[in-house]
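Scroll down for the structure; my scribbles are underneath it.
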Amino acid sequence: MTQPSPTNLSNRLGYELEVNGVRYPITADAGRSLLSVIRNEVGLTGTKEGCDDCECGACMVLVDGRPVNSCSFLAAQCQGRSVTTVEGLAGDDRLHPLQQVLLDAGGVQCGFCTPGMLISTHALLTVNPDPNEEDVRIGLSGNLCRCTGYTNIVAAVLQATGTRESNAGAEPEA
Amino acid sequence: MAFTIATTVDEALERLADGARPVAGGTDLVVGARQGKVPLPHDLVAIDRVDELLTIGQDDHGARIGAGVTHDRLLSNPLIVGDYTALADGAALIGSPATRHVGTIGGNVMNGSPAMDTGAPLVVLGARIELRSATTTRLVDPLELWTGPGTTSARTDELCTACLLPALPARTGSAYVRLEFRRAMEIAVVGAAALVRLDESGSVLDLHIALTAVAPTIMAVEGTEVLMGRTVDDNLTDQVAALASEQASPISDLRAGDRYRRHTVGVMARRAVQAAAQRAQGTMIDVPVNRAIGIGAAR
């Protein structure tokens, strides 16, 4: 770790950030966004920088289970909270069922919006396990996709919930 | 840059007295800084873990909404949806699920945007805004709090701690309607909130209208006294639309021209009064009323 220069010494905060259940020691400027800290300090690059302006949702993560645009949320505000990124959804060497269904349904094209779509879907299904199409469209309304036209993404989410219903007793959501 | 996390109001107020600025969800402050509008303050105090700011309470006088209550909670809280429905309508239209999960009513009020979606509802519901400093507490009328686009009469050592809403009499309904081009992540083009109180025969006992994004601040429509004692029919709502359009002083910008805004704010006022009157009569209209009456409908 490089020593901060005397001029910005007072700017830097030291704190712990819990991401996907792992605690990382962070030393960063108080004004650093959660996105920047996740990508550059923690080193997890699944979370994307789209607009960097709180409009597109590519940077969506969960903070204590709630969807947050990490580009415009201060990392320092997440001390003592639990952050989940797209990497936290999947298990070792296997896709989360939502990831698989999104792939199967053609809901992934360039893939840049996909991590954010997955996080928003996860947040939606946590509070509403059986959404209708309207619920899904509202739940994903903060996530822009410039490839798919959304149809296959919405279809995938609806299919995922249907699958879950028919697989009663299947492994619960991460 | 200094950053602290407050856990009590007093702690936050002490930091404000030292020159710190408050941050809760950051949906205006941090986003504004990223867009280069206003640099992030050098001294910040996070207030999103102050329990006193996070409650919605009720007593004989009415409701007290802590400044840190998020839009997501407003739009689903039974007291707000049941008694102060216009506020739930407004909260439900803000941003996206992510915006609503972290954005707060106190932040929306103190950001002072003329396009804020909780502002017109708060005005028609008769809200008072509680401002506290380390040494003072005062209640202000929101129309006196907002002094221009993005400016308020609050001092820098004052924190918005709550919005107080009076208890409403029976047969009172409220609604907030917004013109939408899109269904999410949109800043209001124009909007209108209405509160209507009816007597047993359906005549108007009380009627308030406030308008969004047609003046330097949220504005109340004046001259509604002439509507008392009438029934809410097309004649009355025509007059409502005319009053709203006449009193608006909209600008032209990338979202709409001034003439379009002036016309459509009348339409929004008419629909808000119609919906509020229906709710006053006990008709259930889902939150947000925009969806129920087909504005911004996807299909």
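Residue numbers start from 1 in every chain, and the chains themselves are labelled A, B, ... in the order their sequence lines are given, proteins ahead of strands. Worth knowing before you read on, the calculation uses all heavy atoms, side chains too, and leaves out hydrogens, waters and symmetry mates. Remember, it's a predicted structure, so these values are computed and weren't measured experimentally.
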Quiz item: Looking at A:Gly142, A:Gly57, A:Ala30, which one has more heavy-atom pairs under 4.5 Å with chain B than the rest?
Solution: A:Ala30

Exercise. Could you have a look at A:Glu55, A:Arg66, A:Arg81 and say which one has the most heavy-atom pairs with chain B under 4.5 angstrom?
Key: A:Arg81

Quiz prompt | Side chain, backbone, both or neither of A:Ile138 within contact of chain B (heavy atoms, under 4.5 Å) | solution = both

Practice problem: Output the residues of residues 19-27 of chain B for which the shortest heavy-atom distance to chain A is under 4.5 Å, in residue-number order; output 'none' if no such residue exists. | Solution: B:Val23, B:Ala24, B:Gly25, B:Gly26

Quiz item: Can you pull out the residues in residues 90-111 of chain B with any heavy atom less than 4.5 Å from chain A?
Solution: B:Ser96, B:Pro97, B:Ala98, B:Arg100, B:His101, B:Val102

Quiz item: Top residue by heavy-atom pair count (under 4.5 Å) with chain A, among B:Leu29, B:Ile5, B:Val31?
Solution: B:Val31

Can a side-chain donor-acceptor contact be found between [Y] and [X] if the only test is distance below 3.5 angstrom?
X: B:Tyr176; Y: B:Thr212; answer: yes
X: B:Thr4; Y: B:Arg15; answer: yes
X: B:Ser133; Y: B:Glu158; answer: no

Quiz item: Can you list the steps and then say if B:Val81 with B:Asn77 is a side-chain contact (heavy atoms from CB on, under 4.5 Å)?
Solution: CA-CA 6 Å; B:Val81 173; B:Asn77 179 276; 5.7 Å; no

Self-check item: Non-hydrogen side-chain atoms of A:Gln109 and A:Arg146 separated by less than 4.5 Å
Solution: no

Exercise. Measure B:Asp72 against the heavy atoms of chain A and call it side chain, backbone, both or neither at under 4.5 Å.
Key: neither

Quiz item: Is it the backbone or the side chain of B:Leu44 that comes under 4.5 Å from a heavy atom of chain A, or both, or neither?
Solution: side chain

Self-check item: Exam field: side chain B:Glu186 to backbone B:Glu180, donor-acceptor pair closer than 3.5 Å
Solution: no

Quiz item: Are any side-chain N or O atoms of B:Asp89 and backbone N or O atoms of B:Val289, one a donor and one an acceptor, separated by less than 3.5 Å?
Solution: yes

Quiz item: So B:Glu11 and B:Arg49, salt bridge (Lys or Arg N to Asp or Glu O under 4.0 Å) or not? Walk me through it.
Solution: CA-CA 11 Å; B:Glu11 213 180 308; B:Arg49 295 180 218 208; over 6 Å; no

Step through the shown structure and confirm whether more than 12 heavy atoms of other residues, nucleotides or ligands are within 6.0 Å of [atom1] on [X].
X: A:Arg23; atom1: CZ; value: no
X: B:Ile293; atom1: CD1; value: yes
X: A:Glu41; atom1: CD; value: yes

Quiz item: Relative to the ring of B:Phe181, is the ring of B:Tyr260 parallel (under 30°), tilted (30 to 60°) or perpendicular (over 60°)?
Solution: tilted

